[in-house]
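Report on the following structure.
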Protein chains: 2
Amino acid sequence: MAVTLRDVAALAGVSPRSVSNVVNDFRYVSPAMQAKVRAALDELDYKPNLLARGLRQGRTGTIALLLPEITVAYFSELAHEIVERASQLGITVMIDETSGAPNRELALLEVAMRSSWVDGVLLSTLGLNGAALAGVKSDVPVVLLGERTAKSALDHVGIDNVRASRDAVQHLIDSGRHRIAAIGGSHAPSDMTSRLRLKGYRAALRAAGLPTEDYLYARTPKYRRGDAAVAVRALLAHPEPPDALFCFSDELAIGSLRELYEQGLRVPSDISVVGFDDIEESRFTTPSLTSISPDKHQIASTALETLMARIAGSDLRPRALQVGYQLLARESSTRQ
Amino acid sequence: MAVTLRDVAALAGVSPRSVSNVVNDFRYVSPAMQAKVRAALDELDYKPNLLARGLRQGRTGTIALLLPEITVAYFSELAHEIVERASQLGITVMIDETSGAPNRELALLEVAMRSSWVDGVLLSTLGLNGAALAGVKSDVPVVLLGERTAKSALDHVGIDNVRASRDAVQHLIDSGRHRIAAIGGSHAPSDMTSRLRLKGYRAALRAAGLPTEDYLYARTPKYRRGDAAVAVRALLAHPEPPDALFCFSDELAIGSLRELYEQGLRVPSDISVVGFDDIEESRFTTPSLTSISPDKHQIASTALETLMARIAGSDLRPRALQVGYQLLARESSTRQ
DNA sequence: CTGTTAGCGCCTTCAC
DNA sequence: GTGAAGGCGCTAACAG
């Protein structure tokens, strides 16, 4: 059996209260008491039962991070940043995978929120639309990462997807491309990511007086490498094939690079490729991949700060917080 | 405030005990009671407080998965398999990042093990050697993933690294390569992975009567993409440069592909490359990457089964469980 | 500054 | 089958 506060108190010949004081660095403890208790603590190798503490305090010092898929590099990189930052703040992060399935997402969210395991939730949602989210009564604070899915009454941290996409496409235009295609996502109402990126893409084309014909946008079921091939083939099959691809994720861009290679096209001489997310992998592809790089570090800190403020009881009205991004021009769009 | 068992009992006009019975699907409950309680449950939207339940029962239904780095694709893919399998078993997985730093690894391990948060721990360790592990008194069961770090008294699930490495190198030999270099890891006593893979590599070379000279092994600080470039340059600088690279991880292999490209060498015509881990990315590189593919699915199930058995009280002596692997020959070692 | 008391929400003996 | 009490380990009141 585990050693309890009471055991320590008994050994030291003091009350549990005093032991608790020492364990929690309470201010007014006499040196003599300190010494006695510490000796007993060490001798018994006492570790507090965090469950009991959490039950008593109503707070656990743990937050949940709900991600669609941990194997998606963007999410694992984001998770890394969040775990890092949280550990500096003395917070434990419980990472959980939702599979992007709305029902599982909801289920996990409900559990996380109602079971008192966690003080708060960081939710990166793809599939879950605003309506479903609105139906969730939140006993614990929730901060959304990524796109704001509809007008949910939640804090939300992300980048300006429209502007970032416009920048990416403008970069392609500046380098002399004219038939620029977009790849990724469903453009469904619930897929806010693709809607916003498509909007930025079209805005850039329109501003430059370039065609925005429908055939230049190829949807994909998800945003993974394996989803790109079909889309690329469809685009290349057109009588006037594109001379540049703007992919809504780096993984899609990498899948596209592979398919272009199989089709015998050279990047960037025949066709340019730009991605989105700046995952580490993109620096090592051949050619290396131009990408929009959201400031993941800042997303992590901002999200955590916001969540901690809510947990502490902040009652401001929900805010949409935007963090920075960069366009990183690499070989896939620059070296001729 | 959250709604408690007592609230439900009051509304239904029964005792907390009866509510508990219904919530936990206890056998002997009258249909009338069932109905009354369920109605109250629904009306109040009751969710049990898992903290209190865990405290009471001494079990939480949660296990910890401790990984060096979540951004390493191999680990995130493994994590995915484990979360998947665990969710089928009704177990929640708490993923935590140790940064591979032995002290942080130990710290997290201690916390996980002593604080009653989790019923068990799956530990994938790189840095932590057997001696340090032996010093940890485990209040909860621990199962090791990957290499067995020394003769620790813990269960352990992994593949036969020596044999897998020998197979990989044999494959290179079979395809006509003669100067085969190895890349990765420190070969330090604590880095069991590189020791075992190096052993298999050398065994294959010796068996074929090929040179195993020291200059053909290039160490790397870690196993990431960015660690490969220096190693590759060193190998190529030698008067008799290798005609094949056996990399101890896919990430290293991918970093190597990039560096070989920069050096103007073509894969596989000038030089073959083989990796280890079979991460998804490796199917999309150009050329696609030949790799050893450990059965991650089976690692996940075996590890979970073993851990659950321990949690249930199994008292068998610690076992080393080996699961299967495959050599997947792709373009980087086959297409001329 | 320290000891006593009570209770966080739940489950599980023990009676009925 | 169901009700009443007790306690898992801890900390927050309230004395003293």
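Quick note: numbers below take in every heavy atom, side chains included, and nothing from hydrogens, waters or symmetry partners.
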Could you tell me if B:Thr60 and B:Arg53 have a donor-acceptor pair between their side chains, going purely by distance under 3.5 Å? no
Using a cut-off of less than 4.0 Å, is there contact between a side-chain N or O of B:Ser30 and OP1 or OP2 of D:dT2? yes
Can B:Thr193 and B:Glu147 be counted as having a side-chain donor-acceptor contact under 3.5 angstrom? yes
Whole Å only: how far is the CE atom of A:Met33 from the C1' atom of C:dG3? 9 Å
Would you kindly give the CH2-to-P distance between A:Trp117 and C:dC10, to the nearest whole Å? 14 Å
Could you verify whether a donor N or O on one side chain and an acceptor N or O on the other, from B:His80 and A:Glu97, lie under 3.5 Å apart? yes
Length of the line joining B:Arg6:CZ and C:dC11:P, which is rounded to integer Å: 12 Å
Please report the distance, rounded to the nearest Å, between CG in A:Leu51 and C1' in C:dC8. 12 Å
If you take any heavy atom closer than 4.0 Å to DNA chain C, which residues from residues 53-62 of chain A end up in contact? A:Leu55, A:Arg56
side-chain contact (heavy atoms from CB on, under 4.5 Å), that's the test. Do A:Leu41 and A:Val19 meet it? Break it down for me. CA-CA 8 Å; A:Leu41 244 24; A:Val19 180; 4.0 Å; yes
So does A:Thr4 get a side-chain nitrogen or oxygen closer than 4.0 Å to the phosphate oxygens (OP1/OP2) of D:dC8? no
Return the residues of residues 10-24 of chain A meeting this criterion: a heavy atom under 4.0 Å from some atom of DNA chain C. Order them by number, or give none. A:Val14, A:Ser15, A:Arg17, A:Ser18
Interatomic distance where CG belongs to A:Leu5 and P belongs to D:dC8 [whole Å]: 13 Å
Between B:Thr98 (side chain) and B:Leu67 (backbone), is there a donor-acceptor pair under 3.5 Å? yes
Evaluation steps, side-chain contact (heavy atoms from CB on, under 4.5 Å), between B:Ile82 and B:Leu122: CA-CA 10 Å; B:Ile82 288 169; B:Leu122 293 179; 3.9 Å; yes
Between B:Asp119 and B:Gly61 (side chain of the first, backbone of the second, donor and acceptor by atom type, cut-off under 3.5 Å), is there such a pair? yes
Nearest-Å distance, CG (A:Asn49) to P (D:dG7)? 18 Å
If the threshold is 4.0 Å, N to carboxylate O, is there a salt bridge linking B:Lys296 and B:Glu81? no
What verdict does the side chain to side chain donor-acceptor pair (under 3.5 Å) test give for A:Arg224 and A:Thr71, after you've listed the backbone C-alpha separation in whole Å, the side-chain angles of each residue and the deciding distance to 0.1 Å? CA-CA 10 Å; A:Arg224 314 279 326 237; A:Thr71 55; 3.3 Å; yes
